[in-house]
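First the structure, in the form of structure tokens, and then the observations on it.
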2 protein chains.
Amino acid sequence: MSKLGSNAVRASGEDRTQTKAELTRGRILEAAAKVFRTRGFVGSRLTDIAAEAGLQAGSLYYHFASREALVEAVMWAGQLRTEAQVRRCLGALGPAATPMQRLHTAVEAHLLAVLSSTDANSASIKMIGQVPSDIRERLLVGQRAYGDLWRGLLTDAQDAGDIRDDVNLSIVRMAIIGALNWSVEWYHADKGHPEKIAADMAAVMIDGLRPRRPAC
Amino acid sequence: MSKLGSNAVRASGEDRTQTKAELTRGRILEAAAKVFRTRGFVGSRLTDIAAEAGLQAGSLYYHFASREALVEAVMWAGQLRTEAQVRRCLGALGPAATPMQRLHTAVEAHLLAVLSSTDANSASIKMIGQVPSDIRERLLVGQRAYGDLWRGLLTDAQDAGDIRDDVNLSIVRMAIIGALNWSVEWYHADKGHPEKIAADMAAVMIDGLRPRRPAC
DNA sequence: GTCTATACGAGGATAGAC
DNA sequence: GTCTATCCTCGTATAGAC
């Protein structure tokens with residue numbers, strides 16, 4: 001965890017002059033994300049990852065202490081990026097947006113991050129159930145702020161009267177996140193453009209299944 | 001796949017006189033399901049499974065050709081059981097039930113099967129993204145009839161005017177199944193009774209988030 | 001920093017006794 | 001049918017040269 005730092009975070013931010021080591025480290029992270037996302041944690045050998053990054057397996061150990069340290073770094077990068085992307089989209093909405101519009105935006109942004117951002121985004125979701133429990137614990141702690149964000153979106157919408165108040169918001173939250181995250185199991189390119197899927201899914205979740213009753 | 005037969009299916013049906021081999025095979029399947037569900041495909045050693053079943057690792061090979069054959073058998077059992085449970089609940093509804101009632105029942109039954117039936121049910125969901133691709137292919141083919149069931153439930157509801165017709169039913173289907181299946185990643189006993197969770201989730205999905213507009 | 005070579009352990013799979 | 005013993009492969013990790 002100590003070596004998490006620089007690359008994972010800076011990747012999406014300002015990139016000043018990076019040392020050669022930092023650059024290579026970044027390349028390894030992207031390579032690992034790609035391999036992990038497609039082969040899962042099980043099927044991913046260090047050899048595959050090294051090859052993808054253009055070096056030898058042994059060389060990885062200059063940058064990461066172990067295979068596990070590498071997965072953890074990839075997953076941190078992934079979940080931080082998803083969270084950042086959602087916050088960015090919400091920020092772009094401006095203060096005039098209604099709670100339901102904000103919720104709609106968050107749904108769309110999260111799904112889009114998972115479907116079409118970097119491999120790390122989807123890898124972090126796909127592997128959360130496969131990774132050793134100590135790693136998973138730490139990642140879940142890191143997700144708390146993100147969970148709070150969603151809790152806030154939902155309670156705001158409920159306070160505004162846009163969500164009926166006989167539903168359990170925790171359940172709603174898990175249902176929404178679940179529907180979105182499960183996309184890593186079924187989505188592939190020929191299902192259509194991620195933007196279309198994201199828009200459809202957001203519409204379904206926010207507006208529900210029932211026909212609007214005609215205004216009386 | 002050829003050895004799939006008897007136990008996996010009969011488990012939920014009539015159990016006549018079984019040979020000793022059949023009984024042991026069944027015990028191994030349940031043990032494997034338990035280990036796989038908790039440790040994932042990665043972390044599950046044949047030694048663990050054998051121990052759980054009360055025998056030695058080598059003895060497993062009398063009943064299963066390989067570790068992979070074992071996972072596949074577990075997963076077939078799991079997904080067949082879930083499907084059977086949902087069909088059973090739908091069957092119990094009787095012909096008077098509305099399409100939306102049927103949909104509601106299916107949601108509840110699927111989630112309940114995943115949360116509180118045998119370990120194989122949840123294991124089959126949890127591992128679908130971890131298993132070698134040839135196995136996954138076969139399992140997905142086996143899921144087609146189940147997918148068709150859901151497609152039918154949704155189109156029936158739409159034809160009856162209970163689902164607005166500007167939504168993409170494939171997306172709705174994936175969203176619902178996703179929300180339900182993702183529960184294997186977050187549910188544990190102290191989140192409350194599975195029955196309660198299932199009821200809440202079904203209510204949210206069927207009735208939506210918006211308050212009912214007062215009858216005019 | 002990255003390479004090559006190798007030590008090492010783990011776990012899947014097989015053989016043969018009982 | 002199940003056990004014990006063993007083989008063998010594979011992949012992580014380390015050591016040391018460049």
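To find a chain, count down the sequence lines: A is the first, B the second, and so on, and within it residues start at 1. Computed over heavy atoms, backbone and side chain alike; hydrogens, waters and symmetry mates excluded.
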Let me know the distance between [atom1] of [X] and [atom2] of [N], rounded to the nearest Å.
| X | N | atom1 | atom2 | answer |
| --- | --- | --- | --- | --- |
| A:F64 | D:dT14 | CZ | P | 16 Å |
| A:R67 | D:dG11 | CZ | C1' | 9 Å |
| B:F41 | C:dG11 | CZ | C1' | 12 Å |
| B:L46 | D:dC8 | CG | C1' | 15 Å |
| B:Y61 | D:dT4 | OH | P | 17 Å |
| A:H63 | C:dT2 | NE2 | C1' | 8 Å |
| A:I49 | D:dC10 | CD1 | C1' | 15 Å |
| B:L55 | D:dT2 | CG | P | 6 Å |

Comparing nearest nucleotides in DNA chain D, the 5'-proximal residue of the pair A:G58, A:R45 is A:R45
Whether [X] contacts [N] is assessed here as follows: a side-chain N or O lying under 4.0 Å from the phosphate OP1 or OP2. Is that the case?
| X | N | answer |
| --- | --- | --- |
| B:Q56 | D:dT4 | yes |
| A:T24 | C:dT2 | yes |
| B:S59 | D:dC3 | yes |
| B:Y62 | D:dT2 | no |

| request: Determine the contact category for B:T19: base if any of its heavy atoms lies under 4.0 Å from a base atom, sugar-phosphate if only primed atoms, P, OP1 or OP2 are that close, otherwise nothing. | output: nothing
- Under-4.0 Å salt bridge between A:R102 and A:D156: no
(request) State whether B:R144 and B:D148 are salt-bridged, where the test is any N-O pair (Lys NZ or Arg NE/NH1/NH2 against Asp/Glu carboxylate O) under 4.0 Å. (result) no
Q.
Any side-chain to backbone donor/acceptor pair from A:Q130 onto B:G40? Under 3.5 Å, distance only.
A. no
dist A:E30:CD -> A:R25:CZ (nearest 0.5 Å) comes out at 11.5 Å
When rounded to the nearest 0.5 Å, the distance separating CD1 of B:I176 from CD1 of B:I206 is 6.0 Å
